[in-house]
Amino acid sequence: MALKIIDYGSKEYQLMVNLRYEILRKPLGLQFSKDELDQEKDEILIGAFEDEKILGCCMLVKTDAKTCRLRQMAVINKLQGKGIGKALMVFAENLARDRGFKNLTMHARKSAIGFYERLGYRVIGEEFQEVTISHYVMEKEL
Ligand SMILES: CC(C)(COP(=O)(O)OP(=O)(O)OC[C@H]1O[C@@H](n2cnc3c(N)ncnc32)[C@H](O)[C@@H]1OP(=O)(O)O)[C@@H](O)C(=O)NCCC(=O)NCCS
């Protein structure tokens, strides 16, 4: 498996958007808007690949000088629970650290809190709704 940064607009980016749609949006009956995808050109896009096939992905967006937010973490259904998500997180954390960020945060789906807790993140604040489901802000010092 290769972990790498994806160029916005590339063939790999299209594979990433398709994966995110299948795992994160379609089950909720939601789609990506053009505006939403347009904004991604300024984000750090990360993918896990086996040859030409995308296995998982996530993204990093700067929120302030010290902090960036991880979003759109997804692993293809049949490969979940095999360490791909953890490998993506470690890769994303190293990238964020190399770029000078001190904290990493995310809007974690309630169902994924245990995954992030195992990686050292803690819940901050109250439950809130996003894309129709319950989320919590989680954070870790890098
Ligand atoms: C959540 C997700 C990204 C985790 O990736 P993954 O490749 O399945 O996770 P890993 O195999 O790397 O798991 C790492 C550890 O977290 C645990 N874990 C994984 N998913 C978990 C979950 N949902 N809840 C609690 N623990 C979880 C694993 O058991 C493993 O524990 P271990 O290190 O003690 O063995 C993936 O399951 C997924 O895409 N889920 C659907 C989309 C989603 O919810 N994305 C997150 C949005 S915030």
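Counting convention: from 1, in listed order, for ligands and their atoms alike.
In this structure, atom 9 (O) of ligand 1 lies nearest to the protein heavy atom Phe115 CE1, 3.6 Å. In this structure, the protein non-hydrogen atom closest to atom 39 (O) of ligand 1 is Val75 N, 2.8 Å. Among protein heavy atoms, atom 11 (O) of ligand 1 sits closest to Gly83 N, 2.7 Å. The protein non-hydrogen atom at the shortest distance from atom 22 (C) of ligand 1 is Ser111 O, 3.7 Å. Closest to atom 46 (C) of ligand 1, if we only count protein heavy atoms, is Met73 O, 3.4 Å. Among all non-hydrogen protein atoms, the one lying nearest atom 5 (O) of ligand 1 is Gly85 CA, 3.5 Å.
Here Glu127 pairs with Lys110 in a salt bridge; the nearest charged N to carboxylate O distance falls below 4.0 Å. Between Arg109 and Glu130 there is no salt bridge, since no side-chain nitrogen of the basic residue lies less than 4.0 Å from a carboxylate oxygen of the acidic one.
For ligand 1, the atoms closer than 4.0 angstrom to any heavy atom of Ile23 are 41 (C), 42 (C). With ligand atoms numbered from 1 in the order given, ligand 1 contributes 12 (O) to contacts under 4.0 Å with heavy atoms of Lys86. Ligand-side atoms of ligand 1 in range of Tyr116: 46 (C), 48 (S), range being under 4.0 angstrom from any heavy atom. Interface of Gly114 with ligand 1, defined as ligand atoms under 4.0 Å from a residue heavy atom, comprises 25 (C), 26 (N).
The proximity of Gln80 to ligand 1, defined as any non-hydrogen pair under 4.0 Å, involves the side chain as well as the backbone. Contacts with ligand 1 closer than 4.0 Å are made by no heavy atom of Ile113, backbone or side chain. Only the backbone of Lys82 comes within contact range of ligand 1, with a heavy atom under 4.0 Å; no side-chain atom does.
Between Ile23 and Asn77 there is a side-chain heavy-atom pair separated by less than 4.5 Å. Using a 4.5 Å heavy-atom threshold, the side chains of Cys57 and Arg20 count as touching. With contacts defined as side-chain heavy-atom distances shorter than 4.5 Å, the pair Gln80/Val75 qualifies. In this structure, Met89 and Tyr121 have side chains that are in contact, with non-hydrogen atoms separated by less than 4.5 Å. Using a 4.5 Å heavy-atom threshold, the side chains of Glu40 and Asp38 count as separate. Put simply, the side chain of Glu43 does not reach to within 4.5 Å of the side chain of Lys62, judged on heavy atoms.
If you check each of Cys58, Gly81, Ala74 against atom 6 (P) of ligand 1, the one with the closest non-hydrogen atom is Gly81. Nearest-residue assignment for atom 16 (O) of ligand 1 (options Arg109, Arg118, Gln72; heavy-atom criterion): Arg118.
Side-chain contact of Asp42 with Gln39: a donor-acceptor pair under 3.5 Å is absent, judged by distance alone.
Remark: aromatic rings of Tyr136 and His107 are distant, center separation not under 6.0 Å.
When distances from atom 37 (O) of ligand 1 to the protein are checked, a heavy atom turns up under 4.0 Å. For atom 41 (C) of ligand 1, the protein comes within 4.0 Å by at least one heavy atom.
Within 6.0 Å of CD on Glu36 lie more than 12 heavy atoms contributed by other residues, nucleotides or ligands.
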